[in-house]
Every structure is written in C-alpha cells, then in structure tokens.
Asker: 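One structure follows; several queries about it will come next.
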Amino acid sequence: MQILKLTEEAFGSILTNMLERSPDSYPEQEAQVAAILADVKKRGDEAVFEYTRRFDKAEISADNFIVSRVEEEEAYAKVDPELIGVIRRAIGRIRAFHEQEKQKSWFMTEDNGMVLGQRVTPLGRVGVYVPGGKAAYPSSVLMNVIPARVAGVPDIVMCTPPGKDGKVTPTTLVAAKEAGVGTIYKVGGAQAIAAMAYGTKCLPKVDKITGPGNIYVALAKKAVYGHVSIDSVAGPSEVMVLADETANPRWVAADLLSQAEHDELASAILVTTSQEIAEAVSREIDGFLPQLSRREIIEKSLNRFGRILVADTMDDAIRAVNEIASEHLELVTKEPFLLMTKIKNAGAIFIGEHSSEPLGDYFAGPNHVLPTNGTAKFFSALSVDDFIKKSSIIMSSREALMALHEDVERFAKAEGLTAHANSVHVRFE
C-alpha cells in the first residue's frame with residue numbers, strides 16, 4: 001500500500017482522486033438512466049418487466065411480481081436458523097438505538113393566548129431498495145427498514161432484483177420479513193427506482209426511497225429527487241483510520257481491508273503520525289491479501305484509492321481527517337476520546353482499538369447508511385428523522401394578533417405585499 005508524506009501536494013491529489021468516485025462523473029450512465037426512467041414513467045409495469053428480463057434474465061409478470069407467502073416459507077427453510085437468530089438479535093440492538101432518536105410533537109402557549117408548536121408525523125409510504133446480484137445484504141435491509149418502523153411509517157415496501165429463477169435471495173427475504181417489510185417486489189436497478197418514484201399499476205408510488213445500489217441506482221435516485229424524497233446519493237464505501245504509535249498495525253490493516261473488499265472504487269486511508277506504524281501496516285496488508293477471497297477487488301481498490309499518509313503532527317492529521325470527511329472514521333490512538341472532540345466531519349466515529357468498523361456495519365446499533373464522498377460535512381447518518389415530517393402549528397387569539405398586527409403590516413408593506421398587510425388589517429377595522 002502506497003505510503004506518502006502528508007504534504008499539501010499529496011493531500012490535494014487525494015481529494016482530487018476521491019472526486020473521481022462521485023456519481024457526477026458518469027455522464028454516459030446518466031443518459032441511460034434517464035431513458036429508463038422516462039420509459040417506466042410512460043409504460044409502467046410493462047417497461048419494468050421488460051427491463052427485468054433484459055438485465056436480470058428473469059421472467060417476471062404481474063402474477064409473480066410480488067414475493068408470495070410460499071416463497072417466504074421457502075426462504076426461511078433455506079436460511080440457517082442460527083443466522084436467523086443473529087438477525088433477530090441485530091434487530092433488537094438497531095431498534096434500541098433508533099428508539100432514542102424519536103421526536104415528539106410539542107406546543108407552547110403565550111400569556112396572550114398565542115399557541116405555537118410543531119406536529120411530528122411519520123411518512124405514509126416508504127420504499128427500500130436492496131441490491132441483489134452476486135452478494136446478499138440483509139444488514140442493509142435492517143438498517144433501512146428499522147428506523148422507518150420506529151418512526152411509525154405504516155407502509156414499508158422493498159424492491160430487490162430477482163435471480164434468473166425469479167426468486168429473491170433467501171437471506172434478504174428473511175431479513176425483510178423479520179424487520180417488518182410489508183410487500184416485496186422483484187425488481188432492481190434504475191427501473192425499480194422509477195417504479196417507486198412514479199408508481200405503476202402493480203407498485204403504487206412511495207413518498208421516500210432509501211437504500212444503497214450501484215451507479216445506475218444512485219443516478220436514478222438523484223434524478224427522481226423532487227418526485228419523491230431520497231436518503232442520499234451514496235457513493236462507494238470509505239474508511240479512514242487515524243492512528244499513532246500505540247496502534248496495533250495488524251488490526252489497523254485488517255480494518256482497512258474490510259472496506260476495500262466492498263468495491264473496486266472503495267477508499268481505505270490510514271493517517272498516522274508514526275512512520276514505523278505506516279510501514280508495519282503496509283507489511284500486514286501484504287500478508288493478509290493472499291488469504292482473502294476478494295483479493296482482486298481489494299488490490300484494485302487499494303491501488304486506486306488506498307493511501308497511507310504520514311503526518312508530522314496530530315494537528316496536521318486531524319486537519320486531513322476533517323477535510324476528507326470519511327464515511328467511517330476509526331480513532332486508534334492513545335487518547336481517542338480527546339481526539340474525538342476535535343473531529344468535525346465523519347459519518348460514524350469508531351473509538352478505540354476494539355471498535356472495528358464491521359461492528360457498526362452489522363450489530364452495534366447505529367445506522368450504517370452514512371454520508372460518502374465528503375458529504376459528512378453537511379449530511380448525517382440515516383435515522384428516524386429521515387422518516388418523519390414536521391408541521392408548524394400557529395393559533396392566534398385576537399389579543400395576540402392585536403399586539404403584533406402593526407409590525408406584521410409594516411413588514412408586508414416593506415416587501416410590497418399590500419394584500420398580505422390587508423389580510424391582517426381588516427381584522428381591526
């Protein structure tokens with residue numbers, strides 16, 4: 001793994017390199033996605049089934065578009081009961097964390113009779129997208145569905161691509177039923193996003209779409225934003241480790257590799273104040289690689305987006321961490337809690353040598369749907385907040401309006417909105 005001195009030039013190169021992973025860098029795919037969205041919007045289910053035959057090689061129609069009760073039972077029979085137990089325990093931890101995020105409606109009453117407040121209500125219908133293909137991601141199911149359930153969303157549906165046999169991956173299906181998904185549709189890719197955003201005869205329109213996917217899914221979500229809400233336009237996975245001379249290089253190497261195996265575009269960066277640790281981590285990575293099943297993907301990821309940066313001071317290292325704003329950040333230092341107070345930008349912060357990033361991916365409880373591509377500077381992890389909406393409440397008595405009406409009228413007239421001013425004035429003629 002390449003070791004660089006943390007200079008302004010090296011840092012600028014890394015930031016430029018990271019931008020290559022942005023969904024804005026794929027104009028050809030964007031045009032393809034736009035065509036699929038327009039087709040589904042025009043032809044509905046007919047287009048959805050046609051794209052499913054073309055891309056997933058599965059014969060899907062109105063008769064088998066929705067996962068049946070029989071298919072659910074078959075999936076439960078195929079999944080190891082011990083894994084089902086793990087899924088249920090994970091659900092308990094994820095739910096307990098998100099319960100702490102719940103917000104309540106509130107009201108305040110002034111002495112003059114003015115009542116102000118905010119009413120918090122859940123979204124009505126949410127669509128969760130879950131990738132299919134070569135891998136199954138039951139953890140993504142849980143992380144997207146459970147906060148929506150905690151928020152009180154009454155109708156949660158899921159779209160996931162079927163295999164050539166027209167079936168959904170059993171672990172994905174079991175996780176969906178355990179988490180509380182109502183209806184599961186066998187469709188993936190941009191066509192699934194289009195169906196959820198615009199609605200079809202078989203798949204009614206949703207209010208919000210969440211969940212990860214490939215570049216076509218990401219671009220489709222970006223394009224339909226406004227027709228529906230979305231969680232974010234997610235990029236490839238990222239991990240950054242901030243380490244000093246006290247870190248265990250073998251553990252740091254293992255954590256970097258755990259993210260590099262996600263995708264050839266995944267980013268794994270170590271920032272350290274120790275040249276010795278930098279070199280030791282690089283050696284450990286070389287030792288691990290022959291043992292790992294996704295070695296080819298990892299090597300491509302590390303060659304393109306993996307770096308070990310050696311900083312002169314911890315302040316320089318922290319500045320780099322805050323500027324890159326990684327999806328996952330591990331603090332493996334002598335005083336990690338002290339450093340944590342200096343971190344401004346990170347999707348999730350893992351503190352101490354035993355807080356390995358995969359713990360957050362699966363079981364700790366906080367959501368693993370996190371901002372990528374530097375958007376941790378202004379976005380947050382998926383939460384209950386993403387599945388609620390807030391309505392302002394205003395009730396004024398005559399006494400309260402009397403005390404305020406002259407100010408309101410002056411403000412309105414200053415903006416040239418005389419009808420606004422008149423709306424208040426007529427009440428005191």
Side-chain angles (χ1 to χ4, degrees), residues 18-56 60 65 123-133 137 140 143-144 148 153 155-162 185-238 263 265 327 347 369-380 382 386-387 389:
M18 297 284 279
L19 289 176
E20 294 179 11
R21 305 156 66 250
S22 168
D24 295 325
S25 303
Y26 297 87
E28 181 181 341
Q29 290 86 345
E30 199 163 8
Q32 294 171 346
V33 166
I36 292 172
L37 296 180
D39 195 19
V40 172
K41 188 175 184 180
K42 180 180 180 181
R43 296 195 294 132
D45 292 321
E46 182 183 351
V48 169
F49 301 150
E50 185 178 304
Y51 287 119
T52 302
R53 284 192 295 272
R54 184 190 306 178
F55 298 132
D56 299 307
I60 300 297
F65 190 25
L123 302 183
R125 181 176 168 85
V126 167
V128 173
Y129 183 86
V130 178
Y137 297 99
S140 289
M143 294 295 181
N144 282 274
V153 176
D155 190 4
I156 303 172
V157 303
M158 187 177 92
C159 286
T160 189
Y185 295 90
K186 303 172 187 176
V187 57
Q191 59 271 25
I193 304 302
M196 288 191 282
Y198 305 132
T200 70
K201 185 176 180 180
C202 293
L203 202 169
K205 181 182 184 298
V206 303
D207 299 315
K208 183 164 189 166
I209 300 172
T210 72
N214 61 19
I215 187 60
Y216 295 96
V217 170
L219 290 172
K221 287 171 66 178
K222 178 182 175 184
V224 301
Y225 178 66
H227 293 279
V228 293
S229 179
I230 64 171
D231 51 352
S232 65
V233 181
S237 189
E238 306 163 351
D263 192 308
L265 297 178
E327 178 187 17
V369 181
L370 300 165
T372 59
N373 282 330
T375 60
K377 292 179 179 178
F378 44 83
F379 281 144
S380 305
L382 191 72
D386 288 284
F387 299 100
K389 55 190 187 299

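These numbers were taken from a predicted model, which means no experiment stands behind them. Starting from 1, each residue takes its place in the sequence as its number.
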Asker: To the nearest 0.5 Å, how far apart are CE in Met143 and OH in Tyr137?
Answerer: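 Taking CE in Met143 and OH in Tyr137, the distance rounds to 14.5 Å.
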Asker: Sequence neighbours left out, what passes side-chain contact (heavy atoms from CB on, under 4.5 Å) with Ala223? Give chain and number order.
Answerer: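 Result, side-chain contact (heavy atoms from CB on, under 4.5 Å) vs Ala223: Leu37.
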Asker: If you define the side chain from C-beta out and look only at heavy atoms, does anything of Thr210 sit under 4.5 Å from Tyr129?
Answerer: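 SC-SC contact between Thr210 and Tyr129 ruled out.
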Asker: Can you see which heavy atom on Thr52 is nearest to which on Pro162, and at what distance?
Answerer: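 Closest heavy-atom pair between Thr52 and Pro162: CG2-CG, 4.0 Å.
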Asker: If only atom types and distance count, is the side chain of Thr200 paired as donor or acceptor with the main-chain N or O of Asp45 below 3.5 Å?
Answerer: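 Answer holds: no.
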Asker: Is any NZ, NE, NH1 or NH2 atom of the basic residue among Asp231 and Lys221 found under 4.0 Å from an Asp or Glu carboxylate oxygen of the other?
Answerer: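 Counted as a salt bridge, because a side-chain N and a carboxylate O are separated by less than 4.0 Å.
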Asker: Rounded to the nearest 0.5 Å, how far does CD of Glu50 lie from CD1 of Ile60?
Answerer: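 Between atom CD1 of Ile60 and atom CD of Glu50 there are 14.5 Å.
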Asker: Would you indicate whether the side-chain heavy atoms of Asp207 and Val228 approach each other to under 4.5 Å?
Answerer: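 No; the side chains remain at least 4.5 Å from each other.
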Asker: In sequence, state the C-alpha distance, the side-chain angles, and the governing distance for Tyr185 and Thr160, and then conclude on side-chain contact (heavy atoms from CB on, under 4.5 Å).
Answerer: CA-CA 7 Å; Tyr185 295 90; Thr160 189; over 6 Å; no
Asker: If a pair satisfies ring pair (Phe, Tyr, Trp, His ring centres under 6.0 Å) and one of its residues is in residues 201-236, list it, with sequence neighbours excluded.
Answerer: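 Qualifying pairs, neighbours excluded: Tyr198-His227.
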Asker: Kindly give the heavy-atom pair with the smallest separation between Gly347 and Ala376, and that separation in Å.
Answerer: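 It is N-CB, 3.7 Å.
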Asker: What I want to check is whether the side chains of Asp56 and Tyr51 have a donor and an acceptor closer together than 3.5 Å.
Answerer: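 No, no side-chain donor-acceptor contact under 3.5 Å.
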Asker: First locate atom CD1 of Ile193, then atom NZ of Lys222, and finally report the distance between them rounded to the nearest 0.5 Å.
Answerer: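 It is 14.5 Å, given to the nearest 0.5 Å.
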Asker: Just wondering, do Val130 and Cys159 contact through their side chains at under 4.5 Å, heavy atoms?
Answerer: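 No. Closest side-chain heavy atoms not under 4.5 Å.
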Asker: Can you confirm whether Pro131 sits close enough to Pro212 that some side-chain heavy atom of one is under 4.5 Å from a side-chain heavy atom of the other?
Answerer: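 In short, these two side chains touch, coming nearer than 4.5 Å.
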Asker: Can you tell me how far apart CZ (Phe379) and CG (Leu370) are? Round to the nearest 0.5 Å.
Answerer: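 Atom-to-atom, Phe379:CZ and Leu370:CG are 13.0 Å apart.
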Asker: With heavy-atom distances below 4.5 Å as the criterion, would you say the side chains of Phe55 and Gln191 are in contact?
Answerer: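 A side-chain contact exists here, since the closest heavy-atom pair is under 4.5 Å.
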Asker: Can you find a pair of side-chain heavy atoms, one from Val157 and one from Val128, that are under 4.5 Å apart?
Answerer: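 Side-chain contact under 4.5 Å: no.
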Asker: Look up atom NZ in Lys208 and atom CG in Asp386, then write down how far apart they are to the nearest 0.5 Å.
Answerer: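 Result: 4.0 Å between the selected atoms.
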Asker: With distance as the sole criterion, is a donor-acceptor pair present between the side chains of Ser237 and Glu327 under 3.5 Å?
Answerer: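 There is such a pair between these side chains.
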Asker: Hey, is the main chain of Pro371 close enough, under 3.5 Å, to the side chain of Thr375 for a donor-acceptor pair?
Answerer: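 No; zero donor-acceptor contacts below 3.5 Å.
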Asker: Calculate, to the nearest 0.5 Å, the distance between atoms CG and OG belonging to Leu123 and Ser229 respectively.
Answerer: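 So the gap between those two atoms works out to 7.0 Å.
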Asker: Checking the side chain of Glu238 only, and the main-chain atoms of Asn373 only, is there a donor and an acceptor separated by less than 3.5 Å?
Answerer: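 Here the side-chain-to-backbone pair exists.
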Asker: Please confirm whether the backbone N or O of Ser140 pairs with a side-chain atom of Asn144, one donor and one acceptor, at under 3.5 Å?
Answerer: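 It does hold such a pair.
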Asker: Backbone N or O of Ile156 within a donor-acceptor pair of the Arg125 side chain at under 3.5 Å?
Answerer: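 Not at all, since once roles are kept as given, no pair shorter than 3.5 Å links the two residues.
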